[in-house]
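Side chains included, hydrogens not; waters and symmetry mates left out as well; all remaining heavy atoms used. Chain letters run A, B, ... following the sequence lines, proteins first, then strands; residues in each count from 1.
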Number of protein chains: 4
Amino acid sequence: MKKLTENILYQVIKKRPEQSYKGTYGRVLIIGGTKQFGGAAIMNALASVHSGAGLVTVATDPSNFTALHSHLPEAMVVNFNDYLIPYIQSHDVILIGSGLGDRLDLVKTTFAAVSAKQIMIVDGSALTLVAANHLVWPTSRLIITPHQMEWQRVSDVPISQQTFEALNSSARAHFNVKPIVVLKQFHTQIYTDNGSFELTIGGPYQATGGMGDTLAGIIAGFVAQFSNTSLDDNVLAAVYIHSAIADELAQQSFVTLPTQISAKLPYFMKKYAN
Amino acid sequence: MKKLTENILYQVIKKRPEQSYKGTYGRVLIIGGTKQFGGAAIMNALASVHSGAGLVTVATDPSNFTALHSHLPEAMVVNFNDYLIPYIQSHDVILIGSGLGDRLDLVKTTFAAVSAKQIMIVDGSALTLVAANHLVWPTSRLIITPHQMEWQRVSDVPISQQTFEALNSSARAHFNVKPIVVLKQFHTQIYTDNGSFELTIGGPYQATGGMGDTLAGIIAGFVAQFSNTSLDDNVLAAVYIHSAIADELAQQSFVTLPTQISAKLPYFMKKYAN
Amino acid sequence: MKKLTENILYQVIKKRPEQSYKGTYGRVLIIGGTKQFGGAAIMNALASVHSGAGLVTVATDPSNFTALHSHLPEAMVVNFNDYLIPYIQSHDVILIGSGLGDRLDLVKTTFAAVSAKQIMIVDGSALTLVAANHLVWPTSRLIITPHQMEWQRVSDVPISQQTFEALNSSARAHFNVKPIVVLKQFHTQIYTDNGSFELTIGGPYQATGGMGDTLAGIIAGFVAQFSNTSLDDNVLAAVYIHSAIADELAQQSFVTLPTQISAKLPYFMKKYAN
Amino acid sequence: MKKLTENILYQVIKKRPEQSYKGTYGRVLIIGGTKQFGGAAIMNALASVHSGAGLVTVATDPSNFTALHSHLPEAMVVNFNDYLIPYIQSHDVILIGSGLGDRLDLVKTTFAAVSAKQIMIVDGSALTLVAANHLVWPTSRLIITPHQMEWQRVSDVPISQQTFEALNSSARAHFNVKPIVVLKQFHTQIYTDNGSFELTIGGPYQATGGMGDTLAGIIAGFVAQFSNTSLDDNVLAAVYIHSAIADELAQQSFVTLPTQISAKLPYFMKKYAN
């Protein structure tokens, strides 16, 4: 298992070409945030926009529109109870699951509508819903971001046996297309077709609600915009930068809040663009 | 085609006369922001108020009132489903179209109510609605801010032929009053009766949702308040400052968010007032 | 007419006694903000709380509650369509009128309920409503904050004749209790029983919507808390500090937004407390 | 009565263990905030999250959801009119009472559902409701945060007789489980089984609405996360840090707003973690 280093940021974050437009940096659709967990979708969106996604639309409970726009007028909204299929089909990247509660219907609709050329990130409650309802994974390019318990549910591999080998064997059985797996734990591990990687930075100041929603949003922002580097590398860079910013904040701060990490993203990324 | 320089800011941004009032700096009416695209009207308003418009009223979907006021209690609001004609007639500057979705009715009402002495800025979805429905342009003083595709729709000049000559000939055919055209593209071009101008600053860190809404709001703020310089010069200065601020922010920041640009406006403008 | 100097701030803003409580610094009730003009009440409240009022309650349209709390969870709210009399009677200071639109009923209720020992500040649309409907002024201690046109309506003294003598004679005819008049104009004038005063600081960077709402809120905050100095001096100090902060901000900023002035209040006041 | 010193912060605030998760730092349920007093629950939550609680859920009037999320997407929400018992039972720490108005039903439900191994903090209007309705205190671990008048109501000890001895005797009669009492006054006193303590820092710049809601939120955040130090010490540290931050802010600021104190928490706490 390779250790992730700061080098991944230099590889992925590149100075943008002069002639480029919003569309160049991808269209992200976030599907999340029930009435009770609306903050999760807000944190997804803050992370995606601040990391540089071209256009971000949030499909969420309409009770969350105002709080989202209070943080981020840069994002567009759609009621996730409306007919979502045209939205799902017209975005480059779909992030589904943060604060999604028991909305199995939305997971089913998304899985049915997403195509092989799109990138889908599945986070949070969507993972539990997939496992509990034995949903068949779609053939889109897939990134999943489970905690250990969520990964156990999805993979049927108990936490105690979540070794690389068990994981790969399980993944083979459960997915049509092998996903990139971001297994969130003490030292987060990332499993890809091209090897597995371990994060050795970050710390317990990140142990606070919303940290995972922010990570999922950064992943969405990175895969949407850095189309010249591989999907694997984009995910690795997103995982790395999330904790690297937390480490920097933690020099001054006992706990590092998710919204603070997103606010730092454009400044932190600047250091690596060349 | 002349290149815009920083000099335009010294020409337009003048120290305010001591004896002056809110009314001296113009009344701006922003018409935009459906339920889904409310952020666009918020970004219009943030830009107008921070650039120094005297009074700003936002006619928008009522679901956007709270988020607008969370950003900007300085702005007043009106439900854009109410009878808008008195509002349209009593404001010096009308900015219509950012995040307006399919609200053709609002474009028609505004075009019918606006008078020759008012200044109207037409942005975003309003441009597409005008073109698709072959609306007749009103005789107000007119500024339009199309992307290249929007300009193709409005002017019937395909992107590949959007030269200065084609543009002028097209403009002649389509407008009663020749508009100032802000053609947003890699190097934004501005077409006026007194020549055409090219912006050579700005960069790809601006390629993010809401950038155009912010530009439209700055234009509204400038034309409302700088009544001693020509409309042309005010538009040129607004276009220039929008990218000049982005350039300054980009020294520290990978992507420059629209709300960050608006927040910088009063400080940046101060450097040029004399 | 005496010129106001910084000295008024040293006279009024005193270090707080060690043994004191929220109640020591007064209870302020703000009545303002229709659905369209909710920002006015928000700016009242921001100014009152940041200037140090002990407790602030905002009676406003319920559609404004969320935006107010997004700025200021420190304030309490009440629906101004509910039975307000107990609120009016239980607060030390009533500020009515900012963004009140055509709500004559609320002015009447307040005038009927307020008592001689309370302090009432009447601002904005309430002044126009009083004049248009020939309301009888109550016997509370009274501060009014008209623009010149509002003062003409209230006093029947045309702008061209708004001299000190005309004002005093008019005031005698119209009021049971002679109010402190803050006549907002190029050089704001303050008329009191103990003489008249002129403000010679401030500038055109303040010519922006909401500036008066912020001034009214600072007056409320000052009269609520500084009970050891006279009402006159508290009003003079509030008028002075409002423009002194704007002057300081204007060294860096082309236009000084009302919310920026409120945010600076606690820091600016600190310099004078001794 | 012992005087609290900065030493309590070194004792309680410890560097977090590397291997830890959100759950390690406790689940806090805040029950408060009617439609009129929603700001109180927002200030509770800001304090809890910024002090480092692992997960914070706010049970409040649904009209407060949006303003809460505008401040703090990190918190989850639940309508406090819904069936709350599962929420009460599944959280480590319950903070009830800030801005709770006359919602006796919620106090009764909470008292009935809370268990002996949970920690409950009772603040503000909940204390008045308990006293007025002679509720029997539950057997949970209990912290109460009365003002002197609230303590008189709860303990039947008049303010003039609120000595340590009277208090202890009263407490014995009224509580099944002796609570930690934070008696908020000029020099706040804390009564515990292991002695009584006096706060000698803080000042009149804290005499502003919402200060107590912020203190209650910090207490919740501390007891939720610092499980290696005693409940007594956690409460003492929370009381101390609340005023220590105010003292620091007051060096620059005439009045110290509750939201400013919460914003400083992570930075201030960092100085003591070792």
Visitor: Of the listed residues (P62(C), P73(C), G52(C)), which shares the most heavy-atom pairs with chain D below a 4.5 Å separation?
Guide: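 Looking at each option in turn, the highest pair count goes to P73(C).
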Visitor: What part of L68(C) lies closer than 4.5 angstrom to a heavy atom of chain D: side chain, backbone, both or neither?
Guide: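 Contact with chain D involves no heavy atom of L68(C) at all.
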Visitor: Give, as side chain, backbone, both or neither, the part of Y205(D) having an atom under 4.5 angstrom from any heavy atom of chain C.
Guide: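 Looking at Y205(D), just its backbone touches chain C.
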Visitor: Under 4.5 Å, heavy atom to heavy atom, which residues of residues 254-267 of chain D contact chain C?
Guide: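 F254(D), V255(D), L257(D), P258(D), T259(D), Q260(D), listed by number.
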Visitor: Do any of residues 74-97 of chain C have a heavy atom less than 4.5 Å from a heavy atom of chain D, and if so, which, in residue order?
Guide: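 Within residues 74-97 of chain C, near chain D: E74(C), M76(C), V77(C), V78(C), Y87(C).
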Visitor: Could you grab the distance from atom NZ of K270(C) to atom CD of Q251(D), nearest 0.5 Å is fine?
Guide: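 Reported value, rounded in 0.5 Å steps: 8.0 Å.
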Visitor: When only heavy atoms count and the cut-off is under 4.5 Å, which of residues 14-30 of chain C reach chain D?
Guide: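 Heavy-atom contacts from residues 14-30 of chain C to chain D are K14(C), R16(C), P17(C), E18(C), Q19(C), S20(C), Y21(C), K22(C), Y25(C).
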Visitor: Please state whether the side chain, the backbone, both or neither of Q206(D) comes within less than 4.5 Å of a heavy atom of chain C.
Guide: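 Neither part.
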Visitor: Determine whether more than 12 heavy atoms belonging to other residues, nucleotides or ligands lie under 6.0 Å from atom CD of E198(D).
Guide: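 Counting other residues, nucleotides and ligands, CD of E198(D) exceeds 12 neighbours.
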Visitor: Where do H69(C) and Q36(D) come nearest, in terms of heavy atoms and distance?
Guide: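 Taking every non-hydrogen atom into account, CE1-O, 4.5 Å.
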Visitor: Side chain from CB out, backbone as N, CA, C, O: work out which of these in V49(C) comes under 4.5 Å of a heavy atom of chain D, or both, or neither.
Guide: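 Backbone plus side chain of V49(C), per the 4.5 Å heavy-atom cut-off to chain D.
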Visitor: Check each atom of A250(D) against the heavy atoms of chain C and say whether the ones under 4.5 Å are side chain, backbone, both or neither.
Guide: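 Contact with chain C is through the backbone of A250(D) alone.
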Visitor: How about residues 213-235 of chain C versus chain D: which residues have heavy atoms under 4.5 Å apart?
Guide: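 Checking residues 213-235 of chain C against chain D gives Q225(C), F226(C).
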Visitor: Top residue by heavy-atom pair count (under 4.5 Å) with chain C, among S253(D), S70(D), A67(D), G210(D)?
Guide: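 Among the listed options, the one with the most contacts to chain C is S253(D).
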Visitor: Given heavy-atom pairs under 4.5 angstrom as the criterion, report whether the side chain, backbone, both or neither of H147(D) touches chain C.
Guide: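 Contact with chain C: side chain only.
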